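Worksheet for the structure shown next.
First listed ligand is number 1; within each ligand, the first listed atom is number 1. Quick caveat: nothing in here was measured; it's all calculated off a predicted structure.
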Amino acid sequence: RYDVLIVGAGHGGAQAALMLGQKKFRGTVALRGDEREPPYERPPLSKDYLSGEKTFERILIRPAAFWGERDVALLLDRRVTAVDPAAHTGTLSDESTIGYGTLIWATGGSPRRLSCPGHDLVGVHGVRTRADVDRMMDELPGVTNVVVIGGGYIGLEAAAVLTKFGKKVTVLEALDRVLARVAGEPLSRFYEAEHRAHGVDVRLGAKVDGLVGFQPIGEDEPARVTGVHMADGEVLPAEMVIVGIGIVPAVEPLLAAGAEGGNGVAVDAQCRTSLPDIFAIGDCAAHANDFARGDTIRLESVQNANDQATLVAKTIMGADAVYHAVPWFWSNQYDLRLQTVGLSTGFDQAIVRGTPETRSFSIVYLRDGKVIALDCVNAVKDYVQGKALVVGGIAAPVESLADPAIPLKSLAA
Ligand code: FAD
């Protein structure tokens, strides 16, 4: 039995363990993960780990030996499959049980899978873990054509890297623009143009009927993907298909134990679930977010996982704090560094600040005349200074926001 059992050794779980150590928590702490590796950073998986610019050792959150030195029991390679809130125990995939005083559920999610025929062919990949990306990298030498299904950040980042490798990449987006769920139209159009300029075939309003494969005759090998069958009859050649259509939060054991939730597990302002002594943090935690007008959302970002982990560690140590962190996020594609602050969903005006043609500009999102978010492309200053506008919900004149010669910090006062 551990005083604090953290389930999920990813960003949120690692940060919770780090913060408990930093706050001098005196009890026993275990970090229980289902992957083989010690906690590592996930964002590089579709960026500089995939491109080979960073080795796996360089994306570890702490060196492997660190956890033992800090008295965190790092337990890997087993899933928690069930939770008994009354007994304060979890059941593991090897049928053993593990007891806890307080449970922190930090399990993230797994890539949403396609439901069409061929979705399970060899060569079809989700991008969530190191193992996923290592499998992709192993296959890449034999691949000429890659089809990316889903024009979200992960799909676009992977497309950028694989294009650089000389692969022929097609991005299929079902909606009428990429990044439709997370950004305004000017940003979508900018990224579509960038990808096309780099040779990516970006197709919007694309409907996939199924994936087609090849079954080696007389061989004991599984069928491999060879193409993507479009609804209009076209078959796109593809020796590799990357599916980036979102995640399914990994909350089944908690819901089965009676926790409130559905799309994620419901948590309050201190990240407590409806079950006693069980917190949930990170991608799997559905919380009311002040920057989303109090709507209940799940945020899929390192910032959110780290901030919720920090809050829970403080709460366990007796502090009386609530979650009120300004959301931020980044994405690297080609030589473009996008940094976002705030949440743009629900905006009623999007102001372009600067000229996208210069490849350094920002988009300022307003609702009811107040700044709610910024997307900054190669515009670090706007990102740094714009945060205060979002936090303060500042109403600034549109002409000033649109003029890059006027520093955003001068509008924050
Ligand atoms: P995770 O980091 O996913 O950790 C959850 C861990 O729990 C995993 O190891 C999982 O295998 C494990 N687990 C699941 N179920 C169980 C179980 N039952 N028992 C035991 N263990 C379990 N965010 C950004 O802010 N910026 C970016 O640029 C960015 N890029 C990204 C690129 C990629 C390719 C991906 C996949 C994500 C990216 N993200 C980015 C999102 C960010 O990585 C996540 O928001 C963050 O990892 C969430 O942390 P978490 O602790 O909630 O989940």
Among [options], closest by any non-hydrogen atom to [atom]:
| atom | options | answer |
| --- | --- | --- |
| atom 40 (C) of ligand 1 | A285, A16, P43 | P43 |
| atom 35 (C) of ligand 1 | I154, L45, I61 | I154 |
| atom 13 (N) of ligand 1 | N306, D34, L299, L50 | D34 |
| atom 1 (P) of ligand 1 | R78, R42, Q308, R298 | R42 |
| atom 53 (O) of ligand 1 | P39, G108, P111, S93 | G108 |
| atom 3 (O) of ligand 1 | E35, R79, E41, R128 | R128 |

* Out of curiosity, is K47 lining ligand 1, as in a heavy atom under 4.0 Å away? ->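 A heavy atom of K47 does come that close to ligand 1.
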* Heavy atom of C284 under 4.0 Å from ligand 1? ->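 For ligand 1, residue contact (heavy atoms, under 4.0 Å) with C284 is absent.
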* Nearest protein heavy atom to atom 50 (P) of ligand 1, by residue and atom, and its distance? ->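 The answer is G12 N, 3.9 Å.
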* To do: Name the closest protein heavy atom to atom 32 (C) of ligand 1, giving the residue it belongs to and the distance to 0.1 Å.
  =>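 In this structure, atom 32 (C) of ligand 1 has S46 OG, 3.3 Å as its nearest protein heavy atom.
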Based purely on interatomic distance, does [X] place a nitrogen or oxygen under 3.5 Å from a nitrogen or oxygen of ligand 1?
| X | answer |
| --- | --- |
| Q303 | no |
| V302 | yes |
| P253 | no |

What atoms of ligand 1 come closer than 4.0 angstrom to any heavy atom of [X]?
| X | result |
| --- | --- |
| D283 | 44 (C), 45 (O), 46 (C), 48 (C), 52 (O) |
| G10 | 2 (O), 4 (O), 6 (C) |
| G282 | 52 (O) |
| S301 | 23 (N), 25 (O), 45 (O) |
| R32 | 20 (C), 21 (N) |

* Taking atom types as modelled, is there a side-chain donor on Y323 or D290 under 3.5 Å from an acceptor on the other? ->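 Y323 vs D290: no donor-acceptor pair found between side chains.
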* Decide ring-ring contact (aromatic ring centres under 6.0 Å, His included) for Y49 and Y40; before the verdict, give the C-alpha distance in whole Å, the side-chain angles of both, and the deciding distance to 0.1 Å. => CA-CA 11 Å; Y49 181 68; Y40 58 89; 8.1 Å; no
* To do: Sequence neighbours left out, what pairs pass salt bridge (Lys or Arg N to Asp or Glu O under 4.0 Å) with at least one residue falling in residues 124-134?
  =>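 Salt bridge (Lys or Arg N to Asp or Glu O under 4.0 Å) check on residues 124-134 returns E37-R130, R128-D283, R130-D134, D132-R135.
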* To do: May I have all residue pairs that pass salt bridge (Lys or Arg N to Asp or Glu O under 4.0 Å) and include part of residues 149-175, sequence neighbours excluded?
  =>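 Those involving residues 149-175 are K47-E157.
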* To do: With heavy atoms under 4.0 Å as the rule, classify the contact between A305 and ligand 1 as side chain, backbone, both or neither.
  =>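 Side chain only.
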* Quick one: does L103's side chain get under 4.5 Å of D277's, heavy atoms only? ->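 No, every pair of side-chain atoms sits at 4.5 Å or beyond.
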